[in-house]
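A short write-up of the structure that comes next.
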Amino acid sequence: MGIVQPDNIQALQKKADAYARVKAVIPPMEWAVFEDDILAIQKLKHQRNAIILAHNYQTPEIFHGVADIAGDSLALAREAATAQADVIVMAGVHFMAETAKLLNPKSKVLIPDVKAGCSLAESITADDVRLLRQKYPGVPIITYVNTSAAVKAESDICCTSGNAKKIVESFGVSEVIMLPDEYLAQNVAKETHVKIIAWKGHCEVHERFTAADIELYRQQNPGVIVLAHPECPPDVVAVSDFAGSTAHMIDWVEQNKPKRVVLVTECSMSDNVAANNPDVEFVRPCQLCPHMKRITLKNIRHALETMTTEVFVHDDIAARARVAVERMIAVR
Ligand code: SF4
């Protein structure tokens, strides 16, 4: 029998800890398929001084199996800004990797699949933002983090679904432009006296939910509590019990421990939150984000083995986009 190296022992322990967390949502036979990659990724992270940031929409074997930090866009941006690692692997979509690079230019930022995009980020260009600035001179431009670095660079400040209202009100003006998610803008507009000029971008996952769906969940699951993401259409949010970012939804479940709940958002969220809340029954309608699902254990492993694909942002764009993101992080 060979000598077991210390980094092997550490990786084995992490793998065992991860399975203890996900055994409620991943059967042992399925976990067996993932084990080899999880062990390899844990060792590679150690060798490369790398960390993995995973969005809440990643599948449980990534979220619980290999992520060092898991969270919403805001949490991942904050972690990226202060990370000491040489390498950051973004288990999320491209704009998240760009944001990590902006905030931590010294680290090498890798995305396991460069095609992991976002319908919101693709709905608007930097030229569009410049035209809006000409059309509405002096009106602050708030850009959702779900945008390219080039779009952020043309903006005054960024926001996430978790802090959008706070950012809108932080200017102390009567009118702002909020890009590119029309539904997020409309949902925030209901909670503030500030007039919000919106763009017509939509999240292809959240726009699929309808108020009739919510009615059906309630009929089929008596007593269910409905938590909706603010990227959903306003009529969906209106018939829900609570609306908030993915981080706010998780907090709500953990604080209130509902008997039965439905998270009106991307499907992997329920699996990830269920693993930590075994006493809560999750009703799980499934709307997958095809972009998030491009990230797999296999391509995370490949990214760390080959140190690809590295994400770069042009210096001029990075400097201006960083200002918009850092202003957002500074708003508490
Ligand atoms: S869930 Fe929606 S907003 Fe998030 S990455 Fe997918 S398409 Fe973009």
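Just so you know, ligand 1 is whichever comes first in the structure, and atom 1 is the first atom listed for that ligand. These values consider heavy atoms only, across backbone and side chains, with no hydrogens, waters or symmetry-generated copies.
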Worksheet entry | Numbering as shown, the atoms of ligand 1 that approach E231 to under 4.0 Å (heavy-atom distance) | 3 (S)
Worksheet item: Which ligand 1 atoms does N146 reach within 4.0 Å, using its non-hydrogen atoms?
Response: 3 (S)
Practice prompt. Return the set of protein N, O or S atoms whose distance to atom 6 (Fe) of ligand 1 is under 2.8 Å, each given as residue and atom.
Written response: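 Only C289 SG fall inside 2.8 Å of atom 6 (Fe) of ligand 1.
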With a 4.0 Å cut-off on N to O distance, would you call [X] and [Y] a salt bridge?
| X | Y | value |
| --- | --- | --- |
| R301 | D36 | yes |
| D68 | K45 | yes |
| R284 | D271 | yes |

Worksheet item: Does atom NZ of K108 have more than 12 heavy-atom neighbours, drawn from other residues, nucleotides or ligands, at distances under 6.0 Å?
Response: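 Atom NZ in K108 is not packed in, count stays at 12 or less.
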Practice prompt. Tell me, yes or no, whether the heavy-atom count around Q219 atom CD, taken from other residues, nucleotides or ligands under 6.0 Å, exceeds 12.
Written response: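 Result for CD/Q219: enclosed.
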Item to complete: Measure the acute angle between the ring planes of W31 and F34, then classify it against the limits of 30° and 60° as parallel, tilted or perpendicular.
Response: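 Rings of W31 and F34: perpendicular, as their planes differ by over 60°.
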Worksheet item: For the Cys pair C267 and C286, is the SG-SG distance shorter than 2.5 Å?
Response: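 Yes, disulfide present: SG-SG under 2.5 Å.
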